[in-house]
Enquirer: 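Got a structure for you, questions after.
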Amino acid sequence: PSTKAKDAFVTMKLTSVRALPIVDERGTLISQISCSDLRLIFCEDPIRLDLLELSCIEYAKKVRERRKSGLCLLFFLL
């Protein structure tokens with residue numbers, strides 16, 4: 001539960017996975033963090049890199065809150 005969000009994103013990049021489970025102290029699945037959750041840091045002006053210092057569970061909570069509010073729409077152009 002104390003793993004920082006930035007460490008989870010680095011792990012995803014290094015292991016070529018798109019999501020990781022978030023588990024509690026007993027190993028019970030409580031949530032997940034995924035590559036698409038990175039969009040949260042771009043939803044505000046200025047960009048909120050400080051959010052990457054949150055624990056994975058706190059970061060995931062903020063992502064879910066933002067999705068419910070519908071305030072963050074981010075489009076990537078290829």
Enquirer: Do Arg66 side-chain atoms and Val63 backbone N/O form a donor-acceptor pair below 3.5 Å?
Expert: no
Enquirer: For Val17, which residues count as a side-chain contact (heavy atoms from CB on, under 4.5 Å) partner, sequence neighbours excluded?
Expert: Met12, Thr15, Leu20
Enquirer: Can you name the residues that form a side-chain contact (heavy atoms from CB on, under 4.5 Å) with Leu29, not counting sequence neighbours?
Expert: Pro21
Enquirer: Can you list the residues that meet the salt bridge (Lys or Arg N to Asp or Glu O under 4.0 Å) rule with Glu58, with sequence neighbours excluded?
Expert: Lys61
Enquirer: Please report the closest heavy-atom contact between Cys56 and Ile33, naming both atoms and the distance.
Expert: SG-CD1, 4.3 Å
Enquirer: List the residues meeting side-chain hydrogen bond (donor to acceptor under 3.5 Å, both in side chains) with Ser31, not counting sequence neighbours, and say none if there are none.
Expert: none
Enquirer: Show your reasoning for whether salt bridge (charged side-chain N to carboxylate O under 4.0 Å, His left out) applies to Asp37 and Arg64.
Expert: CA-CA 9 Å; Asp37 294 337; Arg64 304 314 174 258; 3.7 Å; yes
Enquirer: Please identify each residue that fulfils side-chain contact (heavy atoms from CB on, under 4.5 Å) with Thr28, with sequence neighbours left out.
Expert: Asp24, Arg26
Enquirer: Holding to side-chain hydrogen bond (donor to acceptor under 3.5 Å, both in side chains), I want the full list of residues that pass it with Gln32, two or more places apart in sequence or in another chain.
Expert: none
Enquirer: Side-chain contact, heavy-atom cut-off 4.5 Å: Lys4 with Leu52?
Expert: no
Enquirer: Measuring only between side-chain heavy atoms, which start at C-beta, is Arg48 closer than 4.5 Å to Leu40?
Expert: no
Enquirer: Between atom CZ of Phe9 and atom CD1 of Ile41, what is the distance when rounded to the nearest 0.5 Å?
Expert: 7.5 Å
Enquirer: Working to the nearest 0.5 angstrom, can you tell me the gap between Tyr59 OH and Ile22 CD1?
Expert: 11.0 Å
Enquirer: Show the nearest heavy-atom pair for residues Ile30 and Ile57, with the distance to one decimal.
Expert: CD1-CD1, 3.9 Å
